[in-house]
Number of protein chains: 2
Amino acid sequence: MTATQPARERRHRTQAERSERTRNALLDATVECLIELGYARTSVHEICARAGVSKGAQQHHFSTKAELMATAVEHLTTRIQAEIAAAAGDLGDPPELVEHGVDLIWQGFAGTLSAAVMELWVAARTDPELAAAIKPVDRALGRSTLELFRSLAPGVPQHTLDTLYWLTVNLIRGLALDAQLGGDASRRTQLLNEWKRIALAVYRDDVAR
Amino acid sequence: MTATQPARERRHRTQAERSERTRNALLDATVECLIELGYARTSVHEICARAGVSKGAQQHHFSTKAELMATAVEHLTTRIQAEIAAAAGDLGDPPELVEHGVDLIWQGFAGTLSAAVMELWVAARTDPELAAAIKPVDRALGRSTLELFRSLAPGVPQHTLDTLYWLTVNLIRGLALDAQLGGDASRRTQLLNEWKRIALAVYRDDVAR
DNA sequence: TGGAAAACATTCCAACTGGCATGTAAGTTC
DNA sequence: GAACTTACATGCCAGTTGGAATGTTTTCCA
């Protein structure tokens, strides 16, 4: 704010920056733990260790583990959203558009980060507090991605796009589960190709009508 | 074996019967815990309490928690298989066949028991031992259900049936996740109806060719 | 420049976890 | 009916868990 910023940059200085840095470290570590260890084996102790943060610091920012997890959901969703936005170049026109679109959804909803989402999601089933935190955030992710598709493929009829989008998202989430368990990758690719073929046919049929 | 079986039936008697009874009680309690509490909150203590079985008894039958879980997978799959088989009446002919087929898969792969499967599945992602136990069992369930469909709809070309089956299974698994988190049920039904429509079109197209 | 407050570090604790050791009862075999 | 095996019960332990109390440093503002 003031013009008298000392030039020495060693160490972060302002409180806000200090704060955000450890917050991010904690949230990143949480996501990392979820991916590597799963929800059940993730302890605040481990999170603190990975973040290089003391237990007191964690407590200062997130008084309870539930609060940490709830915040991690937002953090995670933001990262996924950024990932999708970054990967979404030009989708091209109808022939390839479908293929690229499906691939994009695969990247976003079956990528590394999605494992963490699955963990939180399943945990939320029996944890109302966590569920309350996840629901709106997840809805927002779904909607914003759909919005992205609408802007990238303005020519596609809305109903067609919506239907194909949500079908693809759910199909891919199912396939992601299979992938996480180490199912046959080639069979999955083959299945995804079949789906692309079908989706394209649906699109053409809807447009021709 | 011998003819001198005492008539008094109070209490189960033979060792094998005694054994199986507590084993089943433990396995059922495990599944119940997974559904109600989730994997993370499920403790052997709680399982024993629900099964009305002492800790020692549990240890006698399943020396470790991992072993109990691994066995629960088989138990669970058997129950699901039975559920599907019981619900699978006559699927009818091509117009309704697709609809009934999708509904059947929904019942089997998104029903109450499937919540337990999800829990174990997600847990298995970061637990090689559990994964090793689940993989073959789950594959067997998928195959046997597909086999059931083949027998119920002998007229459908194999490739068509296979593709539609696996797409449906994965789609429904994705939708089941959404359902567990308390997503909008009507939107889910609508999406499923769209899929039925599409699947029927695919079928007709494949047959006509 | 001095002191309040925010950020962070250390230490501790009560509760709970899974697993095991030891003890008792029921069933099986000869 | 005695020796033996299997099924179950009880109590304990070492390790972890999440959370809180207390102490120290860093930044901020008047």
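Just so it is clear: chains get the letters A, B, ... in the order the sequence lines come, proteins before strands, and each one is counted from 1. In this text the structure is predicted, and so the values were computed from the model without any measurement.
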Take atom [atom1] of [X] and atom [atom2] of [N], then tell me their distance rounded to the nearest Å.
X: B:H45; N: C:dC16; atom1: NE2; atom2: C1'; value: 9 Å
X: B:Q58; N: D:dT10; atom1: CD; atom2: C1'; value: 14 Å
X: B:R41; N: D:dT16; atom1: CZ; atom2: P; value: 22 Å
X: B:E20; N: D:dT6; atom1: CD; atom2: P; value: 18 Å
X: B:Q59; N: C:dG19; atom1: CD; atom2: P; value: 7 Å
X: A:F62; N: C:dA7; atom1: CZ; atom2: C1'; value: 13 Å
X: B:H60; N: C:dG23; atom1: NE2; atom2: P; value: 18 Å
X: A:L68; N: D:dT17; atom1: CG; atom2: P; value: 15 Å

Can you see if the side chain of [X] gets near the phosphate of [N] - specifically, an N or O under 4.0 Å from OP1 or OP2?
X: A:S54; N: C:dC8; answer: no
X: B:H61; N: D:dT6; answer: no
X: A:T64; N: D:dG19; answer: yes
X: B:T22; N: D:dA7; answer: no

message = Which is more 5' along DNA chain C, the nucleotide nearest A:G52 or the one nearest B:V44? Just name the residue.
response = A:G52
When you measure from the side chain of [X], which nucleotide among [options] comes out closest?
X: A:A57; options: D:dT17, C:dA9, D:dC8; value: C:dA9
X: A:S43; options: C:dA26, D:dT17, C:dC8; value: D:dT17
X: B:K65; options: C:dG19, C:dC8, D:dG19; value: C:dG19

query = Do A:E20 and A:H61 have side-chain atoms, one donor and one acceptor, less than 3.5 Å apart?
reply = no
Comparing A:A66 and B:G56 on DNA chain D - which has the more 5′ nearest nucleotide = B:G56
ask   = Does the side chain to side chain donor-acceptor pair (under 3.5 Å) test come out yes or no for A:T126 and B:E36, once each step is laid out?
value = CA-CA 7 Å; A:T126 52; B:E36 276 186 39; over 6 Å; no
request  = Can you establish whether the number of heavy atoms outside A:K135 located under 6.0 Å from its atom NZ is more than 12?
outcome  = no
request  = Look at the side chain of A:K55 and the base of D:dG19, then say whether one donor and one acceptor between them are separated by less than 3.5 Å.
outcome  = yes
ask   = Is B:K55 positioned over the aromatic face of B:F62, cation under 6.0 angstrom from the ring centre and no more than 45 degrees off axis?
value = no
query = Is there a salt bridge (Lys or Arg N to Asp or Glu O under 4.0 Å) between A:D178 and B:R173 once you walk through the steps?
reply = CA-CA 10 Å; A:D178 181 63; B:R173 274 185 167 149; 5.6 Å; no
